[in-house]
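Inspection log for the structure reproduced underneath, given as structure tokens.
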Protein chains: 2
Amino acid sequence: MHRETLQRYMNYLLLLTKLKSEGRATVTSDELAVREGVTGSRVRQDLSALRILGKPRQGYRIADLEILISSMLDILSAKPVALVGIGNLGRALVLSDIWSHAGFDLVALFDNDPALIGTSVAGLPVRDAAIMERFIQEQGIESACLALPADKAQAVADRLVDAGVRALWNFALIDLDVPAGIIVENQRLEQGLMALSFRIAKRNQDIARGPQD
Amino acid sequence: MHRETLQRYMNYLLLLTKLKSEGRATVTSDELAVREGVTGSRVRQDLSALRILGKPRQGYRIADLEILISSMLDILSAKPVALVGIGNLGRALVLSDIWSHAGFDLVALFDNDPALIGTSVAGLPVRDAAIMERFIQEQGIESACLALPADKAQAVADRLVDAGVRALWNFALIDLDVPAGIIVENQRLEQGLMALSFRIAKRNQDIARGPQD
DNA sequence: CCGCTCTCGGTACCCGGTTATCGATTCTAC
DNA sequence: GTAGAATCGATAACCGGGTACCGAGAGCGG
Ligand SMILES: NC(=O)c1ccc[n+]([C@@H]2O[C@H](COP(=O)([O-])OP(=O)(O)OC[C@H]3O[C@@H](n4cnc5c(N)ncnc54)[C@H](O)[C@@H]3O)[C@@H](O)[C@H]2O)c1
Ligand SMILES: NC(=O)c1ccc[n+]([C@@H]2O[C@H](COP(=O)([O-])OP(=O)(O)OC[C@H]3O[C@@H](n4cnc5c(N)ncnc54)[C@H](O)[C@@H]3O)[C@@H](O)[C@H]2O)c1
């Protein structure tokens with residue numbers, strides 16, 4: 001599955017939640033399509049690939065779509081995950097509700113700042129990063145999120161992988177080097193901002209050249 | 001330009017920075033290619049599209065690449081931008097150095113929490129969101145970042161657009177409704193985490209089915 | 001100086017993602 | 001009940017991003 005396709009599924013899910021909150025029970029392929037900038041054809045193929053069946057003149061049942069897309073993404077499970085680096089970004093992540101929405105259960109916070117160790121955020125204690133490996137092994141945690149300075153991320157990632165972590169969600173602006181089989185998902189905030197910069201420049205160029213061409 | 005292609009350019013840039021710090025002056029298309037999981041052919045076409053010329057048996061000059069890719073993304077400028085919502089996420093963004101890296105200059109912070117108004121973060125004062133429109137109009141600010149609760153984002157976006165903002169970087173988990181011509185770049189953190197969940201599930205399936213097929 | 005090798009630049013080809021099309025199905029209206 | 005409209009499911013056609021290939025030029029070794 002290509003990244004673009006995966007993103008479409010996640011966007012369907014977001015739109016479905018909104019539709020459901022509006023009291024809708026079904027949705028047509030064209031409705032989903034216009035929001036994504038593709039055709040109804042593409043949407044029907046996406047859904048067909050998940051063995052989701054719709055009904056003519058009625059569309060797809062929203063509840064079915066939600067369950068099947070969620071299953072494919074495996075976001076109905078509660079995989080334990082640890083968060084390392086309880087700075088501003090880390091705290092924002094702890095307090096957000098994205099973990100359960102994405103199939104994770106945030107079970108441990110680690111930092112190496114003595115001022116933070118022992119405090120708690122959203123009911124979870126901040127533990128000393130020194131005991132990180134032991135805790136992760138004992139709890140069998142296989143996923144971790146890195147919200148650390150870029151120059152600390154690689155060393156911490158190495159320790160986590162040694163302790164048994166096999167999937168990393170990385171916010172540091174660095175290309176982590178990990179063994180084969182270890183998944184790294186980089187959340188590159190600055191690339192989102194760069195994309196905005198590019199789109200602004202492109203729009204301004206288009207306006208300057210005139211809308212006729 | 002497709003999103004995938006744009007992302008490749010940004011990744012080239014990240015890798016170039018690393019190579020430059022290692023003292024390299026040139027780079028070959030194949031070197032850039034392996035990091036991106038594409039062929040040298042694709043990289044050469046990407047660079048050729050920017051009118052970047054390399055030399056046989058030598059590669060491309062890193063300095064040239066950096067300048068031309070940066071120009072295309074327009075990240076060498078300093079577009080003024082305002083940030084609304086100085087919670088944990090907002091504070092992390094203020095303290096990061098992504099703004100200048102992506103062609104922006106963070107010039108104003110807004111919040112509506114009386115406890116925050118008047119304090120300052122990284123030297124910038126937190127202003128009262130009540131005076132947001134006037135300030136943005138007076139300063140001619142055309143970009144803004146939303147780090148707000150989802151249920152407040154639409155209302156604030158409306159006010160910003162009315163005040164002249166034409167590009168939004170949105171962190172709230174909501175599909176903003178804006179007039180045509182206004183750019184919205186959504187930074188959907190939870191989708192990154194969902195993508196991780198999907199990749200973990202896929203890997204585990206692949207392992208279960210055995211590596212032979 | 002002369003090949004040899006490496007890498008670029010351009011072109012042709014290919015593949016898979018996207019769209020278009022059409023028959024099949026089901027709901028609505030009268 | 002029947003006609004008609006709407007929408008699905010499947011298949012075929014299209015298109016553009018990606019790859020393969022080849023000729024050309026630049027450095028290297030002898
Ligand atoms: N990719 C981006 O665009 C982007 C944007 C914003 C932030 N970030 C990254 O996210 C990181 C976190 O941001 P922040 O604002 O929360 O930074 P921060 O400095 O507030 O927090 C970093 C935390 O990590 C802790 N830490 C440092 N070394 C550690 C170690 N070895 N083990 C355990 N904990 C350790 C520190 O004590 C601190 O609490 C930043 O360093 C930045 O690189 C990236
Ligand atoms: N998309 C994601 O996956 C994701 C992840 C984390 C956070 N977020 C979003 O980012 C938002 C910010 O996160 P946070 O942890 O900093 O939240 P927060 O609650 O700490 O901060 C929100 C800030 O916005 C301010 N605010 C509220 N209404 C306002 C208004 N009308 N005008 C001006 N300021 C206003 C509040 O005073 C507060 O300081 C969250 O609400 C969340 O939706 C999204």
Side-chain angles (χ1 to χ4, degrees), chain A residues 1-12 15-16 19-20 23-69 72-73 191 195 198-199 202, chain B residues 1-13 15-16 19-20 24-69 72-73 191 195 198-199 202:
Chain A
M1 166 151 344
H2 285 245
R3 193 163 194 90
E4 198 91 354
T5 309
L6 182 59
Q7 183 128 353
R8 256 200 323 275
Y9 281 118
M10 296 190 292
N11 286 340
Y12 295 155
L15 184 55
L16 289 172
L19 288 173
K20 201 173 59 171
R24 298 278 304 275
T26 60
V27 63
T28 67
S29 53
D30 276 337
E31 281 180 294
L32 290 171
V34 289
R35 291 306 201 90
E36 288 305 305
V38 293
T39 62
S41 247
R42 184 87 278 277
V43 173
R44 288 198 291 278
Q45 285 186 353
D46 283 343
L47 301 185
S48 176
L50 295 187
R51 308 273 186 274
I52 300 176
L53 295 182
K55 280 190 184 173
R57 211 189 151 88
Q58 193 170 349
Y60 298 84
R61 282 184 45 202
I62 289 178
D64 291 353
L65 293 190
E66 279 189 318
I67 290 177
L68 282 160
I69 296 178
M72 181 201 60
L73 298 171
Q191 292 197 347
F198 171 77
R199 291 173 63 188
K202 189 166 183 309
Chain B
M1 167 152 342
H2 285 245
R3 193 165 194 87
E4 199 91 353
T5 309
L6 183 59
Q7 184 129 349
R8 255 198 326 274
Y9 281 117
M10 296 190 292
N11 286 340
Y12 295 155
L13 211 46
L15 184 54
L16 290 172
L19 289 173
K20 201 172 59 171
R24 297 279 305 276
T26 61
V27 63
T28 67
S29 54
D30 276 337
E31 282 180 294
L32 290 171
V34 288
R35 292 306 202 87
E36 288 305 305
V38 293
T39 62
S41 248
R42 186 88 279 278
V43 174
R44 289 198 290 279
Q45 284 185 354
D46 283 343
L47 301 184
S48 174
L50 296 186
R51 307 274 186 275
I52 299 176
L53 295 182
K55 280 190 185 173
R57 211 189 152 85
Q58 193 170 346
Y60 297 85
R61 285 185 42 202
I62 290 179
D64 290 355
L65 293 190
E66 280 189 316
I67 290 176
L68 281 160
I69 296 178
M72 182 201 60
L73 298 171
Q191 291 196 347
F198 171 77
R199 291 173 62 189
K202 190 166 184 305

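Each chain gets a letter, A, B and so on, in the order its sequence line appears, and its residues count up from 1.
In this structure, CD of Gln7(B) is placed 16 Å from P of dG17(D), rounded to the nearest angstrom. Across the protein-nucleic acid pair, Glu4(A) atom CD and dG16(D) atom C1' stand 13 Å apart, rounded to whole Å. Atom CZ of Arg61(B) and atom P of dG27(D) are 13 Å apart (whole Å). A straight line from CG of Leu53(A) to P of dT26(C) spans 12 Å, rounded to a whole angstrom. In this structure, Tyr60(B) places its OH atom 13 Å from C1' of dC6(C), rounding to the nearest Å. A straight line from CG of Asp46(B) to C1' of dG18(D) spans 10 Å, rounded to a whole angstrom. Atoms CZ (Arg42(B)) and P (dG10(C)) sit 14 Å apart, rounded to a whole Å. Straight-line distance from the CZ atom of Arg51(B) to the C1' atom of dG9(C): 13 Å, rounded to whole Å.
Take the nearest nucleotide of DNA chain C for Arg57(A) and for Gly40(A): the residue whose nucleotide is more 5' is Gly40(A). Taking for each of Gln58(A) and Ser41(A) the nucleotide of DNA chain D with the nearest heavy atom, the 5'-most of the two is the partner of Gln58(A). Closest-nucleotide positions on DNA chain C for Arg44(A) and Ser48(B) were compared, and the one nearer the 5' end corresponds to Ser48(B).
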Practice item. Evaluate side chain to side chain contact (heavy atoms under 4.5 Å, CB included) for Leu65(A) paired with Leu32(A), printing each intermediate quantity in order. Key: CA-CA 11 Å; Leu65(A) 293 190; Leu32(A) 290 171; 4.2 Å; yes
Practice item. Begin with the C-alpha distance, continue with both residues' side-chain angles, and end with the deciding distance and a verdict on salt bridge (charged side-chain N to carboxylate O under 4.0 Å, His left out) for Glu36(A) and Arg42(A). Key: CA-CA 10 Å; Glu36(A) 288 305 305; Arg42(A) 184 87 278 277; over 6 Å; no
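Heavy-atom neighbours of Arg61(B) CZ from other residues, nucleotides or ligands within 6.0 Å: at or below the threshold of 12.
Applying the 4.0 Å criterion to OP1 and OP2 of dG16(C), one finds that His2(A) has every side-chain N and O outside that range.
Contacts of Thr28(B) with the nucleic acid, taken as non-hydrogen atoms under 4.0 Å apart, involve only primed sugar atoms and P, OP1 or OP2. At a threshold of 4.0 angstrom between heavy atoms, the contacts of Arg8(A) are confined to the sugar-phosphate backbone, with no base atom among them.
Judged by atom type and distance alone, Gln45(A) reaches the base of dT19(C) through a side-chain donor-acceptor pair under 3.5 Å.
The two residues Met10(B) and Ala195(A) have their closest heavy-atom pair at SD-N, 4.1 Å. Closest approach of Gly40(A) and Ala33(A) over heavy atoms only: N-CB, 3.5 Å.
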